[in-house]
Amino acid sequence: MPSLTLKAVEKWFGEVQVIKGVDLEIEEGEFVIFVGPSGCGKSTLLRMIAGLEETSRGQILIGDRDATAEPPSRRGLAMVFQSYALYPHMSVRDNVGFPLKSAGLPPAEIKEKVDEAARVLKLDAYMDRRPKDLSGGQRQRVAIGRSIVRDPTAFLFDEPLSNLDAALRVEMRYEIAKLHQTLAATMIYVTHDQVEAMTLADRIVVLEFGRIAQVGTPRELYERPANLFVAQFIGSPKMNILPAAHVRGLTLADGTVDVGIRPEHITLGMDGAHVDGVVDILEYLGADTFVVVDCGEAGKLTVRVAGDTELKPGDAVGLIFNTTRTHGFDSAGLAVS
Amino acid sequence: MPSLTLKAVEKWFGEVQVIKGVDLEIEEGEFVIFVGPSGCGKSTLLRMIAGLEETSRGQILIGDRDATAEPPSRRGLAMVFQSYALYPHMSVRDNVGFPLKSAGLPPAEIKEKVDEAARVLKLDAYMDRRPKDLSGGQRQRVAIGRSIVRDPTAFLFDEPLSNLDAALRVEMRYEIAKLHQTLAATMIYVTHDQVEAMTLADRIVVLEFGRIAQVGTPRELYERPANLFVAQFIGSPKMNILPAAHVRGLTLADGTVDVGIRPEHITLGMDGAHVDGVVDILEYLGADTFVVVDCGEAGKLTVRVAGDTELKPGDAVGLIFNTTRTHGFDSAGLAVS
Amino acid sequence: ETLRFWTTEEQPERLARQEQMAADFAAASGHTVEVIPVTESDLGTRATAAFAAGDLPDVIYHPLQYALPWAEAGILDTDAATDVVENLGAGTFASGALGMAAIEGGYASVPVDGWTQMLVYRADKFEEAGLEPPTSYANVLAAVEKLHNPPEMYGFVAATKIDENFMSQVLEHVFLANGVSPVGADGIQELDEAATIEVLEFYKAIAEASPPGDLYWDQSRTLYFSGNAAMIIWSPFILDELAGLRDSAPPTINDDPTSKDLAAATGIVTNFSGPSNPDGAAWGDIRYFGITSDASTDAAMEFVEFSMNDGYGQTLAIAPEGKFPVRRGTADNPTQFADLWATLDVGVDRKAPLGDLYAQEMIDEIVGGLDVAQRWGVKEGQLAVASKIINSQVINRLVREFIDGERDAAATVAELNSAIAGVE
Amino acid sequence: MSDAVPPKGTGPLARLEARLAWGLLLPTITAVSLVVILPLLAIFWISIKPVSLADLRAPEVVLREDLRGSPAAAGDEATIRYRLRNSSQDQPIIGVTFTDEVPEGLEVLEVDPRCTLEGRDLSCDLGDWEGGARETLTFPVTVGQAFLDNALRPQDSEAKVTGSASNVLTNTTFTWDNFARVFDGDEFWEVLWVTLFYTVFGTVGALLFGLFAALLLNKSFKGQGILRGLYLFPYVSPIIAVAFAWIILFDPFSGSANALLIQMGVTSEAINFFGERPLALIMVTIFEIWRYFPLSFLFILARMQSIDTDMYEAADMDGASPFQQFWALSVPQLLGILSVLFLLRFIWTFNKFDDIFLLTGGNAGTRTLTVNVYEQAFAVSNIGAGAAVAVVIFGCLLLFSAFFFKFISQEEGL
Amino acid sequence: MSKLRYGFVTGPVLGALWMVVLSTTVAVAMSFATGEAFRPHILLSLLWGAIIGYTISQRLGDFWGEVMGTASLVILILLGMGPLVVGEDASSFARVFAAVALSVAFSWSMHLILDDMPAKLLTRHEFEAAVIKFLTGFGYIFFTAIVLIPFYVMVLTSLKNQSELIQNPLDFSIELSKGAELFRSYDELFTQFNFGTYLLNSFGISVLTVLITLLFAVPGAYAVARLRFQGRAAFSRSILLIYMVPMIVLALPIYIAFSMTGLRNSLLGIILIYPVTTIPVALYMLQGYFRGLPAEVEEAGLMDGLSRLMVIWKITLPLSLPAIASVSLYVFMIAWNEFLLAFMLLDDPSKFTLTRGIASLNSSEIPRQHLMAGSVIATVPIMALFLGLERFMTKGLTAGSVKG
Ligand SMILES: Nc1ncnc2c1ncn2[C@@H]1O[C@H](COP(=O)(O)OP(=O)(O)OP(=O)(O)O)[C@@H](O)[C@H]1O
Ligand SMILES: Nc1ncnc2c1ncn2[C@@H]1O[C@H](COP(=O)(O)OP(=O)(O)OP(=O)(O)O)[C@@H](O)[C@H]1O
Ligand SMILES: [Mg+2]
Ligand SMILES: [Mg+2]
């Protein structure tokens with residue numbers, strides 16, 4: 001039995017349709033991540049699952065219970081907000097214990113569970129501080145602690161790391177991964193950072209304008225994107241797309257209009273080059289250098305080379321594609337194989 | 001003659017010293033980037049150059065003129081703010097023309113210069129809009145346009161891209177690089193994003209707590225960091241640092257306490273491994289996978305492997321360092337060679 | 001019963017006396033009385049409001065001008081007042097005072113005390129300048145001509161604050177002096193244009209000889225006391241403080257606040273005449289106890305009877321200089337209260353009988369005035385109409401506008417006539 | 001898969017929320033409509049009724065009874081007297097009757113034809129009464145011993161009076177007189193003019209002074225907080241206290257302001273600030289400015305402090321001088337709050353009553369519409385006319401509000 | 001305008017104007033403090049001001065030169081040829097004090113004004129900087145004066161007696177030797193005029209008004225700010241609209257209704273009516289604040305298993321304490337200062353509020369120091385509150401109202 005099921009779920013704000021019919025099954029213990037560009041409806045979908053937004057049409061099942069009409073307090077889910085949404089007037093201990101207290105548990109039991117959560121999340125040292133006296137990462141941990149204590153059916157995360165600075169984000173990402181390993185709970189996670197999505201998810205749901213563009217494991221999405229949107233959305237720097245007509249010597253499936261190839265699957269060299277161009281700009285990043293090559297009508301292509309390349313802007317280069325790694329797309333943008 | 005010279009510049013806010021004696025010469029036409037962690041004094045230093053903050057001690061020379069006591073309006077510099085600081089009630093045209101109008105130029109001349117700037121920055125299409133009707137990137141361009149019209153001695157940028165989303169940031173980064181190529185003007189640029197710093201700068205100034213930690217080209221900083229701080233600050237994921245005592249079979253210079261090695265300079269393999277460990281977590285990113293290896297007392301080390309690795313958490317692995325690429329640091333954190 | 005008693009005598013010392021009387025009454029009858037001070041200028045509105053709310057006090061101490069209008073509006077229980085007068089004996093009252101409150105079949109209220117308005121002047125200065133006492137318009141104007149020398153000496157301090165009763169009183173006095181009245185035997189009548197213009201021009205002349213500002217009794221007294229005014233119109237209540245008996249309003253003509261010098265230098269005129277009315281007229285005011293329609297009638301009647309009998313001495317002693325007894329005595333001793341009054345001390349901080357302070361003929365002049373004092377509409381039996389006109393303050397307002405130069409005299413008369421006609 | 005039209009109706013969660021919302025609002029709505037909406041309706045009703053303050057009390061029959069003659073022994077003669085009158089001089093009372101009990105021991109000798117006596121129960125029917133009617137009924141009686149023993153007087157048994165009169169407030173008499181009266185003559189136009197003068201100059205003045213003060217305090221220095229607090233005094237103090245302080249300060253006769261002006265040789269004779277046309281109007285307007293500049297100041301300051309300082313720094317870099325910055329940056333940025341303030345203050349100044357009432361009582365050419373309401377309703381006791389003025393005010397108000405919402409919704413997104 | 005931009009023009013012009021401002025200020029201040037005759041001499045002010053302005057702007061003297069200049073200004077004033085004219089009968093101490101104060105203040109402030117200004121041709125920035133400093137100085141003096149003078153007069157009048165005031169309306173010097181006698185007016189107000197009761201009434205009514213207002217406004221504001229329901233926008237607007245209905249328009253029918261129901265002239269009636277006049281304000285202020293609270297914290301509460309009402313009670317309310325404090329203070333102030341309704345509805349002195357009590361002091365034969373003492377009694381608590389809780393109060397004012 002899936003832990004959570006969405007059936008043809010829609011959301012309308014007045015006349016505007018924001019979620020355009022989403023069907024999804026999430027298994028017990030799965031880590032599912034919603035990604036997509038800003039405004040595609042990730043948060044809205046998550047909030048509908050939480051019960052914070054009304055579901056305009058369709059059904060949301062938790063286990064096999066229809067929860068569509070239930071208020072949030074009855075759904076038994078826990079949510080971690082982007083802004084942490086801690087209760088600023090309560091100590092960390094009270095924040096973490098609050099859901100239990102609302103549920104009317106006896107103090108002894110609350111204390112036990114709160115201490116347990118504090119141990120798991122290493123919060124012990126600052127249980128009596130107020131949220132404002134905590135750093136961003138600590139606050140995030142408190143917010144997670146507050147969700148853990150209730151043993152919820154599923155955890156919902158809405159961009160939990162986007163308010164942290166880069167270094168801390170890496171660290172917290174690691175901790176969330178660990179937490180999922182430890183709890184083995186169902187987690188639904190919204191982000192627009194594809195690194196987070198790729199590294200954390202069991203399954204990624206790519207949303208595009210309120211519709212699901214593709215669902216799959218990170219590797220599936222990276223290696224076999226179902227359409228142009230996913231192909232370009234996943235991977236950094238993004239996949240190069242060029243018109244098939246401008247590529248020499250590739251055997252392409254029927255109907256292929258565009259060819260996609262990732263920067264790391266191109267090598268430089270004159271012999272058997274699929275495309276020629278001139279180096280436009282070099283972006284030295286230490287380990288690698290990304291070379292932007294201006295290929296005239298084929299557009300600007302990015303190539304990944306070693307950090308210590310000797311190329312200079314203006315050099316003429318040929319680009320050789322790793323032919324097993326090219327992707328073909330038809331005129332509707334769908335992958336052809 | 002350098003375009004801009006800082007001589008033992010200090011800044012005190014009351015009792016607190018924020019800039020602790022900075023000496024720097026910036027050549028005509030150079031693109032210099034200040035990087036450093038948050039709060040290290042990058043913005044303060046830039047604002048002192050601009051004249052928006054008083055210089056507590058030391059001198060600022062523009063060309064060979066002592067400008068320490070001059071108000072901003074007399075220094076002939078232009079600045080682009082993080083928040084763009086556009087005049088919200090003026091059209092794009094008026095925004096760009098404002099510095100000229102303040103200077104009392106005749107309207108015809110203003111129009112000419114504004115049109116020229118608009119052309120360079122491709123602003124023509126929305127000269128009559130208000131800033132609020134522009135996208136982030138367009139606003140950024142208007143802010144730059146406002147600086148260009150005055151033919152300033154130098155451009156100052158304070159984190160100009162940090163309010164943009166990732167995709168747009170890449171694009172604007174490209175445009176700023178192009179602009180520098182076109183104008184060949186002196187530019188001083190503040191950022192805390194090392195990718196920006198690496199890809200744009202002629203020279204990077206790394207600041208640490210109001211002091212210069214190292215000045216050099218991106219490659220110098222990446223390949224020959226002068227100290228632990230720079231070594232860890234530049235490069236992503238950051239350089240692995242491990243106690244020299246836990247590394248086998250490396251010949252190290254005298255006084256070396258810590259050894260640094262970047263993730264891309266480690267290969268996996270049992271034979272001749274410098275360190276052993278167990279795979280803790282895999283971070284799949286498509287092109288690469290970063291493997292976090294738990295090496296016990298040597299700490300957790302990150303290794304970059306190909307995207308399609310077959311490793312699993314729990315696998316025991318040996319780490320072989322590229323011995324030409326290790327860095328040694330003494331007990332004070334300074335590089336030893 | 002607990003009675004509520006509204007009084008316009010609201011100075012703390014006077015209130016204290018009234019409370020004392022209330023306490024005596026309580027001891028005698030068992031009814032307690034709550035004494036509530038009401039500012040005289042608010043009295044009309046507040047009574048009407050309280051009437052509408054069914055919240056009238058039991059007894060109101062009020063001036064003449066309200067007696068008949070209130071009786072008509074149903075605020076006063078005239079039958080109760082009539083009964084009180086009958087119980088006390090109509091014959092024991094001064095007939096003039098009773099007559100002014102007479103209505104068909106009885107009396108609107110019970111008369112309590114009265115006084116005559118006086119023209120107070122600096123006899124010493126008049127003598128110095130060889131002036132006649134200010135008994136007529138002409139004499140006043142002549143004195144103004146000679147003595148007006150601001151800011152050391154203002155010729156007059158005329159009332160100009162239009163929402164103060166004081167201005168109504170002074171104006172009525174001046175109008176009466178020239179024989180002008182807005183009411184005739186048939187009710188409202190047109191003002192005589194020529195005579196009214198004389199009044200207006202006269203009033204404007206004395207207003208111009210006054211300091212600027214909205215003036216009323218306060219400034220009149222203060223300026224006179226500081227020796228900066230040659231003439232004022234005031235009530236006899238001034239007599240005690242004029243003699244330095246009251247600290248909160250001392251003569252400041254010299255450094256001694258208890259000085260009697262000013263009193264000695266002061267002359268008094270009650271009967272005042274204008275060019276169109278050589279006989280002149282005095283202006284008197286009578287105060288009444290009104291029993292209201294919402295009263296606990298029996299207790300209220302008892303209270304009023306007590307105040308007019310055993311408590312009458314105390315009632316008069318509040319300020320004997322301005323409260324001449326209108327009930328002269330009882331059936332047994334027809335001059336009991338008049339005699340009592342003559343012995344009462346005036347003053348607040350220091351006390352002395354009036355006779356010690358002023359010459360007997362001056363006192364006689366003051367007291368005697370009450371019997372001949374007039375009001376608009378009394379002779380014609382149209383006092384009620386006249387009171388309404390006064391209460392509406394239209395005359396004050398238009399005269400003030402005339403003084404301010406908004407209209408000429410003839411236009412003002414026309415305006416006055418139409419405004420007076422507009423008072424239903 | 002999905003319909004292209006939004007679903008109709010509200011979902012269960014939304015319904016729950018709406019129900020809760022109305023529940024929370026209900027007490028407020030009730031209270032406010034009781035005290036605001038209802039009175040407003042009442043104002044409209046009263047404005048077309050010929051009603052004065054005294055009419056609020058419906059006419060009634062006032063009855064007093066007593067025993068005339070002082071019987072001392074059984075067999076003496078006396079009269080029971082009933083005096084009745086209509087409490088109103090102009091309103092009729094219909095069907096006046098009363099019943100009473102004659103005390104034991106009194107033998108009624110003769111009964112008025114309009115009355116009947118059954119046993120000791122007396123009942124009289126006096127028919128319909130005109131306004132101002134009075135009636136005295138006398139019944140000659142002989143006194144019996146029982147009366148002397150009981151000492152029960154006739155007035156000790158309360159007589160029951162009936163009689164119906166219509167209340168002006170609720171009957172169907174309507175009149176346009178109130179409005180005629182209000183619009184009649186020059187007075188209304190003068191009042192309107194005074195109101196507009198007061199409102200426009202009071203508002204603009206307060207805004208300008210507020211702007212000046214805000215500019216002064218829009219920098220941080222020691223004592224800035226104290227000054228800010230100080231500048232708010234005029235607004236936070238009770239109106240009655242400051243109004244009287246002004247009256248005393250500007251008293252023509254013993255006020256310090258005049259003394260000062262005379263001493264400085266500005267004027268040789270005391271000026272009657274609050275009693276002279278047109279000075280009084282100017283003075284009350286100045287008072288209004290004085291009292292309300294703090295408010296504009298506060299709002300403008302808040303707005304100024306929310307303006308991004310980056311913008312001024314950018315202007316510094318661009319070489320704009322302080323005055324250029326003020327005109328080119330501050331003024332346009334403040335235009336929004338200034339116009340909102342202007343509209344709101346305009347409306348509230350228009351509505352202002354206390355200030356003028358306390359300062360001049362509406363005299364010397366300072367009578368505004370609101371003061372006129374009071375004058376008509378209370379000073380002249382003509383409630384109907386007061387209500388008519390109130391209706392006029394309300395009309396103006398609606399006009400302003402329409403304008404306000406049209407404008408403000410753009411400015412502030414209300 | 002550009003002609004002005006020379007140091008030797010700007011300096012004297014600003015100096016002359018500034019001298020007029022300062023000499024007027026000193027004259028007014030000294031007159032109020034001593035009651036003696038001080039007055040500015042405008043022409044001489046312009047003259048001396050211009051001369052000193054010129055010397056300072058051209059840097060003609062060193063420090064000692066300036067001290068000499070200041071000293072000669074003092075002497076000029078004492079000789080009667082300076083910008084300030086002192087009456088014959090002024091005490092010599094006051095005379096010297098005024099002269100020194102004016103001279104020192106002028107030299108010092110003129111320095112500040114002309115500090116960064118070059119002697120010759122000025123840039124626009126330098127010129128404007130000097131003008132702005134002048135205007136700033138003028139502004140501080142002007143506003144401080146207009147705010148303080150009425151309060152100064154109020155307090156000192158309450159300490160004097162009638163005849164002193166009439167003899168010299170400018171003389172506010174108080175004779176400390178009179179000791180407690182100074183406070184005679186206050187004493188009389190409390191002992192003879194019932195001000196103790198008024199104070200209690202006012203306080204009780206204000207506190208009750210605050211409580212009742214909050215009771216109604218908090219749920220209402222929450223609903224308007226947070227909950228979605230049909231008619232929310234309309235409701236939101238009608239709050240403002242109601243807030244714009246003039247009190248006098250409502251007072252009339254309320255007066256009638258209260259008269260007919262017997263609520264007039266009762267404290268109950270006042271307590272019924274005050275909160276309703278403040279609820280719209282409070283509602284408006286609170287909903288603004290509630291809107292500004294992060295919705296996510298409340299949603300977290302919902303997710304943690306609370307019902308809406310519990311969320312309001314346990315999360316929203318504790319978080320809005322500062323706003324509630326502001327609203328309470330503001331409402332308290334409105335109720336405390338309210339005059340019109342108290343004036344129309346209350347008749348019996350035992351039921352008066354302070355403002356009503358003061359009104360009753362106005363029109364009787366009561367000396368005006370009593371009136372001012374009453375005013376002081378009403379003003380002091382609100383000022384104390386205000387100064388103590390300025391932060392909340394200012395927030396309350398800005399959040400809530402443009403109303404007066
Ligand atoms: N209350 C609302 N009323 C109307 N439209 C709304 C509302 N909330 C969200 N939307 C719209 O719904 C769309 C989806 O919003 P949502 O917040 O779910 O996007 P998102 O994918 O989470 O974006 P982001 O990454 O920026 O958070 C957006 O276009 C947004 O403008
Ligand atoms: N006006 C000020 N008063 C006191 N301290 C200040 C002030 N402005 C900045 N600081 C302090 O100076 C230090 C440097 O600030 P600065 O803004 O230059 O940092 P930064 O390197 O630009 O950081 P970021 O990357 O976050 O912008 C910080 O510790 C900051 O708190
Ligand atoms: Mg979102
Ligand atoms: Mg910075």
Side-chain angles (χ1 to χ4, degrees), chain A residues 37-39 162 165-168 170-171 173-178 180-181 192-201 204 217-219 221-223 225 231-239 262-265 280-290 292 300 302 304 306-309 313 325, chain B residues 37-39 165-168 170 173-178 180-181 192-201 204 217-223 225 231-239 262-265 280-290 292 300 302 304 306-309 313-314 325:
Chain A
S38 185
S162 61
D165 70 24
L168 207 57
V170 173
E171 195 178 307
R173 195 167 78 204
Y174 172 82
E175 293 199 13
I176 289 180
K178 278 294 193 195
H180 184 233
Q181 282 184 7
H192 60 244
D193 177 2
Q194 49 144 323
V195 175
E196 265 170 45
M198 298 283 282
T199 54
L200 285 175
I204 295 179
T217 63
R219 187 163 291 191
L221 298 191
Y222 192 80
E223 294 177 356
Q232 291 216 288
F233 190 77
I234 300 283
S236 165
K238 64 185 181 194
M239 184 186 280
R262 297 199 182 271
E264 68 267 28
H265 299 140
D280 187 17
I281 267 195
L282 291 164
E283 297 203 316
Y284 172 76
L285 285 172
D288 309 304
T289 296
F290 289 103
V292 180
K300 290 198 168 107
T302 306
R304 165 160 140 174
D308 44 7
T309 174
R325 295 304 194 98
Chain B
S38 186
D165 69 23
L168 208 55
V170 172
R173 195 167 79 202
Y174 173 81
E175 294 199 11
I176 289 180
K178 278 293 191 195
H180 183 232
Q181 283 183 7
H192 60 243
D193 177 1
Q194 48 145 321
V195 175
E196 265 170 46
M198 300 282 282
T199 54
L200 285 175
I204 295 180
T217 63
R219 186 163 292 191
E220 274 165 18
L221 298 191
Y222 192 78
E223 292 177 357
Q232 292 218 287
F233 190 78
I234 301 283
S236 166
K238 63 183 183 195
M239 184 187 279
R262 298 199 181 272
E264 68 267 27
H265 299 142
D280 186 17
I281 267 194
L282 292 164
E283 296 203 318
Y284 172 75
L285 284 172
D288 310 304
T289 296
F290 289 103
V292 180
K300 290 200 169 104
T302 307
R304 166 160 138 174
D308 44 6
T309 174
R325 297 302 193 100

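A, B, ... follow the sequence lines: proteins, then strands. Residue 1 opens every chain.
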Among residues at least two apart in sequence or on other chains, which ones pass salt bridge (Lys or Arg N to Asp or Glu O under 4.0 Å) with Arg173(A)?
Glu283(B)

Mind checking salt bridge (Lys or Arg N to Asp or Glu O under 4.0 Å) for Glu220(B) and listing every partner two or more places apart, or none if nothing turns up?
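Applying salt bridge (Lys or Arg N to Asp or Glu O under 4.0 Å) to Glu220(B) gives none.
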
For [X], is it the side chain, the backbone, both or neither that has a heavy atom under 4.5 Å from a heavy atom of chain B?
X	answer
Gln181(A)	side chain
Asp193(A)	neither
Arg262(A)	neither

Would you name the heavy atoms of [X] and [Y] that are closest together and state the gap between them?
X	Y	result
Met198(B)	Gly286(A)	CE-N, 3.7 Å
Glu264(A)	Ala287(B)	OE2-CB, 2.7 Å
Asp280(A)	Lys178(B)	OD1-NZ, 3.1 Å

Just verifying a value: how many Å separate Arg304(B) CZ and Asp288(A) CG, rounded to the nearest 0.5 Å?
4.0 Å

Determine the option with the most heavy-atom pairs under 4.5 angstrom with chain A, choosing from Val195(B), Leu221(B), Asp308(B).
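The option with the most such pairs is Asp308(B).
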
Taking Thr289(A), Val292(A), Ile234(A), Ile281(A) one by one, which has the highest count of heavy-atom pairs under 4.5 Å against chain B?
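Ranked by contacts with chain B, first place is Ile281(A).
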
